[in-house]
Amino acid sequence: MGTTEPYYRPVADEVAVFEAAYRHRLPVMLKGPTGCGKTRFLEYMAWRLARPLVTVAAHEDMTAADLVGRYLLAPGQTVWHDGPLTLAVRSGAICYIDEIVEARQDTTVVIHPLTDSRRLLPLEKKNEVVAAHADFQLVVSYNPGYQSAVKDLKESTKQRFIGIDFGYPAAEIEAEIVARESGAATSLAAMLVRIGQRSRNLRGQGLEEGASTRMLIHAARLTLAGLGLEPAARAAIVLPLTDDADLREALGAAVAACVG
Ligand SMILES: Nc1ncnc2c1ncn2[C@@H]1O[C@H](COP(=O)(O)OP(=O)(O)OP(=O)(O)O)[C@@H](O)[C@H]1O
Ligand SMILES: [Mg+2]
């Protein structure tokens, strides 16, 4: 567990909501687009609650065994290895499953008995049922933007969680975050935030998502490394966001308009 406080700038009542949920060990779902502070928020909350944080990135090929554990061959025997979820359940950590919808539904259901009043994790292969440590909590993230109907969570999974929404913060707050994270002056940070906001307005016009706070921080860092603002914004924002020539042009125009 880190001893230094992670920098997190609260945006609404998310700290209070999370603390209330944690008091009752209710599972929490952090919802929001990429790069808007979900991971940083949880690092901060884990620090604040003095709990270790175990993070698992969910993916399509993830099996229940990747979460709970498996028998592995050792010389002359097979030895059980707890997976990250099991380790967190036993030790009373906060377990963060990032991008939970990426996992298949038959994987996701292993968390069901853990996330209701039973707080149990069955290790079928091992014939063991682990009762969760009193301090254990499950947190998942979910990006509502790019879910298809097939790749949504089951209703019975969703309805187990307390939801906390993360969006892009208000301009002044986002500029404060960009300045603090990059070391840039507030005026530069504010300009990058305006670029970010314009890019977000292009959503739906072919652009899947606008620039995240993360991208704005990258652009600020490139600028501080000596690049001009336009090349920095192009490299950190425009090129990663899209391959479409028209959209790149529209984004480039937005950058130029903000740089002035
Ligand atoms: N409220 C905030 N306070 C402090 N830093 C923030 C905040 N929001 C965003 N950031 C900055 O933006 C960066 C990206 O945020 P983070 O990694 O938490 O995004 P995320 O929502 O977890 O994205 P992803 O869905 O891609 O994992 C952080 O490293 C941090 O620098
Ligand atoms: Mg994250």
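Sequence positions, counted from 1, serve as the residue numbers for this chain. Source: prediction; values computed, not measured. Just follow the structure's listing: the first ligand is 1, and inside any ligand the first atom is 1.
- Looking at Tyr7 against ligand 1, both its backbone and its side chain come within 4.0 Å, counting heavy atoms.
- Applying the 4.0 Å criterion to heavy atoms of Arg9 picks out, from ligand 1, the atoms 1 (N), 2 (C), 3 (N), 4 (C).
- Taking hydrophobic clusters as Ile, Leu, Val, Met, Phe, Trp and Tyr residues chained together by side-chain heavy-atom distances below 4.5 Å, Tyr168 does not share a cluster with Leu207.
- Checking Tyr8 against Glu14 by side-chain atom types alone, a donor-acceptor pair falls below 3.5 Å.
- For the residues Arg40, Glu43, Arg214, Lys31, the heavy atom positioned nearest atom 17 (O) of ligand 1 is part of Arg214.
- Between Glu174 and Arg200 a salt bridge is recorded (basic side-chain N to carboxylate O distance below 4.0 Å).
- The NZ atom of Lys31 sits 6.5 Å away from atom NZ of Lys158, with the distance rounded to the nearest 0.5 Å.
- Inclusion of Ser141 in the first shell of the Mg ion (ligand 2) is not supported: no N, O or S atom falls under 2.8 Å.
- Every heavy atom of Gly32 sits 4.0 Å or more from the atoms of ligand 1.
- Proximity of Thr34 to ligand 1, defined as any heavy-atom pair under 4.0 Å, is shared by backbone and side chain alike.
- Within the set Met215, Glu181, Glu174, the minimum heavy-atom distance to atom 30 (C) of ligand 1 is found for Glu181.
- Taking only non-hydrogen atoms, the option from Pro10, Pro33, Gly35 nearest to atom 24 (P) of ligand 1 is Gly35.
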Practice task
Give the intermediate values and the outcome of side chain to side chain contact (heavy atoms under 4.5 Å, CB included) for residues Val140 and Thr157.
Solution key: CA-CA 11 Å; Val140 302; Thr157 304; over 6 Å; no
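- When hydrophobic clusters are built by joining Ile, Leu, Val, Met, Phe, Trp and Tyr residues whose side-chain heavy atoms come closer than 4.5 Å, directly or via intermediates, Ile237 is not grouped with Leu227.
- At a 3.5 angstrom cut-off on N or O pairs, Gly37 counts as close to ligand 1.
- Distances between N or O atoms of Ile217 and those of ligand 1 include no value under 3.5 Å.
- Separation of the Phe41 and Phe18 ring centroids falls under the 6.0 Å cut-off.
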